[in-house]
Structure formats: structure tokens, C-alpha cells
2 protein chains.
Amino acid sequence: MDALLKNLKISINESIYLKDPESSDLGKRIVKYGIILINELGFDNFTFKKLAAHIESTESSIYRYFENKHKFLIYLTSWYWGWKEYQLVFATNNLTDPVEKLLKAIEIVTREVEEDQSFNHINEVFLNKIVINEYSKSYLTKEVDDENKDGYFAIYKRLSNRIRKMISDVDASYPYPASLASTILADSLHHHFLKNHFSSLTECDDQTSPSQYFEHLILNLLNL
Amino acid sequence: MDALLKNLKISINESIYLKDPESSDLGKRIVKYGIILINELGFDNFTFKKLAAHIESTESSIYRYFENKHKFLIYLTSWYWGWKEYQLVFATNNLTDPVEKLLKAIEIVTREVEEDQSFNHINEVFLNKIVINEYSKSYLTKEVDDENKDGYFAIYKRLSNRIRKMISDVDASYPYPASLASTILADSLHHHFLKNHFSSLTECDDQTSPSQYFEHLILNLLNL
DNA sequence: GCAAAAATAGTAGTATTACTATCAACTCTT
DNA sequence: AAGAGTTGATAGTAATACTACTATTTTTGC
């Protein structure tokens, strides 16, 4: 990953955390080992108590950074989407051909993160797996409308919007650019899951990636 | 709904429940008020204790039917997909034109359930909302592979397969029929959710339904 | 250079959840 | 009238999701 990216701080809505985990050593350890532990146990079996034991700290110290594990998940996934957004802007900014631009964007948001790109203390490979397995749990709640109003999902929505614009730029006549952008983002996560757990429900496997499926879809659906 | 359907029993894998809820009055009340309560509270806030209070029974009685609330969710969603499968088979069996057949199938699986069709004690409108809001939580778990092996998701997979075949029947050259079937099933649930909570991420609203979006997608993606 | 204030870490406790176990009561059959 | 099956009532446990409070360390203001 580009050196510039390594020095950037992904900025996350302040109401998601009580105290910025980037502001202290403990905060960074919470994030680092939180990712490792959620990946290992799954979000449902993950608790602050287990995380505290893992980093040799206490539950109450973690509660000073995050109100509860739900907000911790929102924090981690927001970071992930912010990171994806940077990659997307970075990789497409210099492209002039709108088709090339869109295809590059699709590739970035649908591909699997394969190696640890070591954005400071965050393991992006694990974080990608967490997003695939747990992201929908962050918004499939009774509190979604309040949290949406408070901007908890702002980064994801901004990213979706960027893709929507790129779709309209290649085919202004396509009537569902926002829906298609949403389909690409959400359904590519779903396809990574299917590939790993319900292989009969997708053609994607070691040879064929979700990226190829979505690229083919875009190229055949839009008027290019 | 057709009278024939009302008399059919949706058959659900026996290892999902401890005692068939269709076999007793209490069982039916658990299912009936379980649906109402999950719809009201959301699955995360739903407990067997609350349900027991609601139906003036006890936690321990409910535990005699279902091991835990996760299996209860699997039961309810399996029932839903079984019900959709019946509707799909019923409505498409007599159609000879494969395009018409596929479009009918798409309409059935993507449309919102709008009125209570009173399949005995089950409120299908609420159950549809539950599937939209909670279905993915039933498989996004660490136990998914074991539960899949035990056939917990068999009905959904069978339904997805039926759509896959219909896609291949209208365009044998399309390379991703299984993936496209999965996209239609999962992403239409997602679009109903977006419509209700993230309206900026979709063109779907009161005027434009997810069904229209997916119909347009199919008609423009496949070689018809 | 040091005391007061602010930030942070650690301990202990509570309410709720997600069960399990046991026993009593009632019904339905043979 | 015995026995099986179903439901109800009560109690108990371990884990979860916190909150309140105390102890320690760090910062800063003079």
C-alpha cells in the first residue's frame, strides 16, 4: 500500500466512541486485538471481558473507549469503509476514462483483501473477514434510524454514492445507479460469504472471483 | 391465497426443533406470538422469557419446543422460504414460456408481502419483515458450516436452485446463474431494508419497487 | 519543583440473559 | 385405575453487559 495512505488517519464520527482509541496505547491495543479476537470468535461470542483478558487490561478500561460492543463494531467497520474509500479515490482520481474508472472502483470494493497491508496497528485481512461476516449486524437493529441520523453509517453511504456517480458517468440513462451501487457493495460481501460457506449458491470459487461476477454484470447491464 | 396452500403443511427439518410446534396448541401459540414479538422488539431484544410472559406460559415450556432463540429463528425463516417456494412452484408450473416463468418467479420472491394471507396461525406480513431484518443473522455465525451440513438451510438453497435453473433456461450462455439467483434473493431483502432505512442508497420507494429494479436487471443482463 | 486537577487503570458489584434441573399437576388413553 | 405425555411452577447457575467506586499516574499551573 502507498506510503501516503499509511500516514493518513481515517477520521471517524466522534459520537461512535467515548475516547479516541487512536489517542493512546491502550486504545490501539483494544482495536488491534479486538479485530483479532472478533475474527477468531465471531462477533456474537466476542465480549469485552475476553478482550480485556487478552490484552491484560480490564473491562472497565475498554468501556471508557466504547459504550458497548455494538459501537465497537460500528467503529471497526467505519474504519474499513473509510480505508476502502481512500483506496478508491486514490486509484481512480487520475483516470480519465469513465469506464476504466468504474471498473477500477468495482475491483477495489469487491476484491478480497489478501495480504496485511499494515496500516499501522490494524490487520486489514482480518478486518475484511469481519466485514464480510458481521457488517450487516451493525445496521440490522431496531436503533438503525437513530444511529443513521447520528451519522454512524456516513462513510459507507459516501462510498456508495461515489460508485453511484461513476455508474451515472458511464451510462446516464441507467435508471437505478444508487441501487446498483448498493448491490455491488452489499452483494459482493455476500458473495464472499457464499464462496466460503454455501458454494452451491454461487459460481465463485478459487478460479472465479466475486469481482469477475460483478465486472461481467456491469459490462453487460450498462450501455457502454 | 389459494385454498390448497392453506391446507398444506410446510415441512421443516426435524432437527431444527425439539418438538413440532404444529403438534400442539401451545406450539402454535409460541410460533404465532413469537412472530409478533420478534417483529415488535427485533430479534436481538427478543427473549423466551418475554415470549412466555406474553402467552402466559413459562420459559421452560418454550424450551421444550426449541433449544434456543437462534433455532427458533431458523424455524421461522425456513417456514417463510418454504412458503415462498410453494408460491413459486404453484404460480410458475403451468407457464410454458421460460421468460414469463422467470419473471413470475422474480416477482414472487422479490415483492413485499402486503396482506395477511392467513396461513393458519402465521402472520406472513410480519414474518416477511422479520426475514428482511433478521434472516442474515441466522447464517452469519461461527456454527454455519455445521448447521448447513445438518440441512438447516436446505429450503432456501432449494429455492435458490429453482431460480438458477430458470435463469439457465432463458439464457444457457449466461455464466453465473447460481450467483445471479443468490443476488436476487439476498439483495431483494437488502433493498427492502434500504428502502425503509437508507433511502439515499436506492431508487426504490413508494413508486418504484425492488421487484421493478430486479426485473429490469434480468431483462437487460440476460440474452432474451 | 510541587500540589491540585485531570486522565487513566483497576476492583467490585448488579441486573439480565440463557439456559438446566426438579417436581407437581393435569389430561388423555388403555 | 395405572401410566404416559404435556404443561406449569420454582429454583438455581454461569455468563453477559454493564455501573459505581477507588487507586494510581500524568499533566499543568504557579
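Naming: A, B, ... by sequence-line order, numbering from 1 per chain.
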query = Looking at B:Lys137 and B:Asp44, does any basic side-chain N land under 4.0 Å from a carboxylate oxygen?
reply = yes
key: Short side-chain to backbone donor-acceptor contact, A:Asp187 and A:His190, under 3.5 Å   = no
request  = Report the distance from atom NZ of B:Lys19 to atom P of D:dG8, rounded to the nearest whole Å.
outcome  = 12 Å
inquiry  = Without decimals, in angstroms, what is the distance between B:Asp25 CG and C:dC28 P?
reply    = 12 Å
inquiry  = Side chains of A:Tyr152 and A:Asn13 only: does a donor on one sit below 3.5 Å from an acceptor on the other?
reply    = no
ask   = What does B:Tyr65 touch in the nucleic acid at a heavy-atom separation under 4.0 angstrom: a base, only the sugar-phosphate, or nothing?
value = sugar-phosphate
query = Does B:Lys84 reach the main-chain N or O of B:Ile108 with its side chain, forming a donor-acceptor pair under 3.5 Å?
reply = yes
request  = Give a yes-or-no answer on whether the side chains of B:Arg164 and B:Asn161 include a donor-acceptor pair shorter than 3.5 Å.
outcome  = yes
inquiry  = Check whether A:Lys69 reaches the backbone of A:Phe46 with its side chain - one donor and one acceptor, N or O, closer than 3.5 Å.
reply    = yes
task = Go through the side-chain N and O atoms of B:Glu22 and B:His121 and say whether any donor and acceptor fall under 3.5 Å apart.
result = yes
task = Provide, to the nearest angstrom, the distance between the CG atom belonging to A:Leu51 and the P atom belonging to D:dT16.
result = 13 Å
Each nucleotide N or O in nucleotides 22-25 of chain C that has a protein N or O under 3.5 Å away: list the pair and distance.
none

message = What is the separation between atom CD1 on A:Ile62 and atom P on C:dG10, rounded to the nearest whole Å?
response = 11 Å
Distance in angstrom units between B:Ile30 CD1 and D:dT6 P, rounded = 13 Å
message = Within the 3.5 Å criterion, strictly below it, is a donor on B:Tyr65 or B:Ser24 matched to an acceptor on the partner's side chain?
response = yes
message = Walk me through whether A:Tyr213 and A:His191 qualify under ring pair (Phe, Tyr, Trp, His ring centres under 6.0 Å).
response = CA-CA 9 Å; A:Tyr213 167 61; A:His191 263 78; 4.7 Å; yes
ask   = Hey, is the side chain of B:Ser61 poking within less than 4.0 Å of OP1 or OP2 on D:dG8, counting only N and O atoms?
value = yes
For atom CD of A:Glu56 and atom C1' of C:dT11, their distance in whole Å = 17 Å
task = Please answer whether the main-chain N or O of A:Leu159 pairs with a side-chain N or O of A:Glu85 as donor and acceptor at a distance below 3.5 Å.
result = no
task = Verify the distance criterion only: is there a donor paired with an acceptor across the side chains of A:Asn45 and A:Lys50 at less than 3.5 Å?
result = no
ask   = Once you build an axis from the first five pairs and another from the last five of the helix from C:dG1-D:dC30 to C:dT30-D:dA1, how far apart in angle are they, to 10 degrees?
value = 10°
request  = Write down the distance between CD1 (B:Ile55) and C1' (D:dT7), rounded to a whole number of angstrom.
outcome  = 11 Å
Any N/O pairs under 3.5 Å between the protein and nucleotides 17-19 of chain C? List them or say none.
{"unit_1": "C:dC19", "atom_1": "O5'", "unit_2": "B:Tyr63", "atom_2": "OH", "d": "3.0"}
{"unit_1": "C:dC19", "atom_1": "N4", "unit_2": "B:Glu59", "atom_2": "OE1", "d": "3.4"}

